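Below: one structure, written as structure tokens.
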Amino acid sequence: MRRTASYAAAAAMLLTACTGESDRADEPETALTWEACEGALAETGLECAAVEVPLDWDDPGGETIDIALSRRPADDPERRIGALLVNPGGPGAPGTSVPAAADASLGTDVVARFDIVGFDPRGTGRSAEVSCEATLATTVPADQAEYDQALENRRRQAEACADANPQLPYLDTVSAARDVEAIREALGEDRVSWYGWSYGTQLGATYAELFPDRVHAAVFDAMYDHTRPGPDLVDEQAAAREAAFDRFADWCEADRDCLPGTDDVAGAWDALVARAQADPLPADVEHAPETVGGDMVVDATAALLASPDHTWPALGEAIAAGQSGDGSGFAAMFADDGATVGALLAIRCLDWPGDPADRDFARVAARAEAAAERSPRFGAHAHWYYAAECLDWPAEPTNPPDELQFDRDVPVLVVGTRWDPATPYTWAERAAASIPGASLLTYEGDGHGASPHSACVREQVAAFLADPDAPGEETCE
């Protein structure tokens, strides 16, 4: 499934040319021309460039696309270690803006000693961006007829997306990992370091599988599990969301500013879901649905569990507004201009093929009912979404789930958050046990991803990136 052929020669021919000279200490000779960023990145102070790569890595002499790059040079060039590539997850999220805020998410020592290099993965941002009408909203049908109609709606959207985006068949994670190798070569680095968050861990792990000798150190924070069947992972994710919701509810009840006058936050949320299901709430958010039903409240809540510092307060506000008849706080989680969600589906459906047997309403309903017994708030919704997501995607899957395949030790630090609502802690445990040479750092906290939430984790990440062989802590509180 994951081919390990080298494409160095082809990539070398396709790099954006022009080597500039620099007086920065220990900076390798690069095949990139770094210039001040323009557009939305103009005020960030970042440098921008591009690498030209094949659209189809199996046809390196064919059509090409540009992969957009950004760079924040090391703050202390005399102590510079190398280049650290960063990926913010998704899939579907562009990454060229990430280096601008790297000190907040990774710490000052990392930005002092590494050039922080962001990029828009293929299909996102300025790298052959996908743009199409799509939705992440779950449809929970009542019978086969309603399910067939929902699938037909998705099929029409998918066909329109394919007509407008001929790059759809070439956006899988393996192709993106080969782009990363082209970036490394363009940077002139013998080896690169990696910090990936959420889906960025899958992309980083794929790169490390394909090019293990090119990795100085890799940090996988909030580990994706691309090794097991989707329904198993959906069950684990739903259970993680249940646990995270319970912790949010406890926090909200203890914080009088979260939901004033409410002693039973979970009960208030349950009542709001039922009310919105019976009579959808109006909403006023640009590029978002005009009404929000109960199913959408559930989906939006799952996303709003991501950060105790930022989205938990927003979830409390959304519940309070919903009680007053305004669903905008939930609708905002579905706002999209046709790019991010389209790219997410385009990438994920090449990596996670749908099961044709899931066209049977009774089959999915039985699975959803069983999941609801285990995870009453999120189990059924998760299975209905997973079943329908990629059934009629017009591009054939090219990178289905498979076991991690490493033939040597790779310097990897897997960071797992105990109550992560999106990538369960068990996924981090399995990855750390499966990758030769990997170690596991456990953050005993909340939220999706650990480094942005924990100074202890940032310190451990910085120490590991500087010296992967140095002993580190196993737990952060």
Side-chain angles (χ1 to χ4, degrees), residues 88-89 101 104-105 107 197-198 221-222 237-277 281-285 288 292-335 375-379 381-382 415-425 442-459 475-477:
S105 57
W197 177 74
S198 193
D221 187 355
Q237 186 180 64
R241 286 175 177 167
E242 292 284 340
F245 180 86
D246 289 342
R247 290 179 66 83
F248 157 76
D250 290 343
W251 168 84
C252 191
E253 288 169 7
D255 185 340
R256 292 298 83 193
D257 292 330
C258 174
L259 205 59
T262 302
D263 294 324
D264 180 7
V265 171
W269 184 87
D270 290 339
L272 180 61
V273 170
R275 171 184 169 182
Q277 194 68 10
L281 304 171
D284 184 13
V285 179
V292 176
D295 295 333
M296 296 176 69
V297 171
V298 175
D299 288 339
T301 297
L304 287 166
L305 292 172
S307 171
D309 298 325
H310 303 291
T311 59
W312 284 17
L315 177 54
E317 293 172 4
I319 296 171
Q323 291 174 323
S324 299
D326 179 8
S328 298
F330 297 109
M333 303 311 296
F334 299 93
S375 303
R377 292 185 174 89
F378 299 98
H381 287 74
V415 184
T417 298
R418 181 69 69 180
W419 291 284
D420 190 316
T423 51
Y425 178 72
T442 300
Y443 171 47
E444 298 287 354
D446 299 285
H448 182 37
S451 187
H453 302 123
S454 168
C456 171
V457 171
R458 290 192 292 274
E459 291 171 2
T475 303
C476 281
E477 299 293 337

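Note that the structure is a prediction, hence the values are computed from the model and not measured. Just so you know, residue 1 is the first one in the sequence shown, and it goes up from there.
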What verdict does the side chain to side chain contact (heavy atoms under 4.5 Å, CB included) test give for Q323 and L259, after you've listed the backbone C-alpha separation in whole Å, the side-chain angles of each residue and the deciding distance to 0.1 Å?
CA-CA 10 Å; Q323 291 174 323; L259 205 59; 4.1 Å; yes
Considering all heavy atoms, the nearest G449-T417 contact:
C-OG1, 3.7 Å
Any donor-acceptor N/O pair, Q277 side chain to G293 backbone, under 3.5 Å:
no
Is there a donor-acceptor pair under 3.5 Å between the side chain of S454 and the backbone N or O of V457?
yes
Could you tell me whether the side chain of E253 and the main chain of T262 form a donor-acceptor pair under 3.5 Å?
no
Do the rings of F248 and W312 sit parallel, tilted or perpendicular, given the 30° and 60° boundaries?
perpendicular
When you measure from the side chain of E444 to the backbone N and O of E477, does any donor-acceptor pair fall under 3.5 Å?
no
Can you name the side-chain contact (heavy atoms from CB on, under 4.5 Å) partners of A332, sequence neighbours left out?
V285
Is a donor from one side chain sitting under 3.5 angstrom from an acceptor on the other, for H453 and D309?
no
What are the two closest non-hydrogen atoms of A240 and D420, and how far apart are they?
CB-O, 3.4 Å
Would you indicate whether the side-chain heavy atoms of S324 and D326 approach each other to under 4.5 Å?
no
Which atom of G327 lies closest to which atom of V292, heavy atoms considered:
O-CG2, 3.5 Å
Between R241 (side chain only) and A303 (backbone N and O only), is there a donor and an acceptor less than 3.5 Å apart?
no
Determine yes or no for a side-chain-to-main-chain donor-acceptor pair under 3.5 angstrom, with R458 supplying the side chain and S451 the backbone.
yes
Which atoms form the tightest heavy-atom contact between V297 and A276, and what is the distance?
CG2-CB, 4.1 Å
Which atom names give the shortest non-hydrogen contact between A238 and A382, and what distance separates them?
CB-CB, 4.5 Å
Between F330 and A318, which heavy-atom pair has the shortest distance, and what is it?
CE1-O, 3.3 Å
Donor + acceptor pair across side chains of T442, Y425 (<3.5 Å):
yes
Pairwise distance CG(D246) to CH2(W251) - rounded to 0.5 angstrom
15.0 Å
What salt bridge (charged side-chain N to carboxylate O under 4.0 Å, His left out) pairs are there with at least one residue in residues 260-270, not counting sequence neighbours?
R256-D263, D270-R377
Rounded to the nearest 0.5 angstrom, the SG-CG distance for C258 and L315 is 7.0 Å
Sole residue of P452, S105, S198 in side-chain contact (heavy atoms from CB on, under 4.5 Å) with D221
P452
Donor-acceptor pair, T311 side chain versus L304 backbone, under 3.5 Å?
yes
Please report the interatomic distance SG(C476) to CZ(R418), rounded to the nearest 0.5 Å.
12.5 Å
Apply ring-ring contact (aromatic ring centres under 6.0 Å, His included) to H448 and list each qualifying residue two or more places apart in sequence or on a separate chain.
W197
Given the rule in the side chain to side chain contact (heavy atoms under 4.5 Å, CB included) test, do H381 and D295 qualify, once you have shown the distances and angles that lead to the verdict?
CA-CA 7 Å; H381 287 74; D295 295 333; 2.9 Å; yes
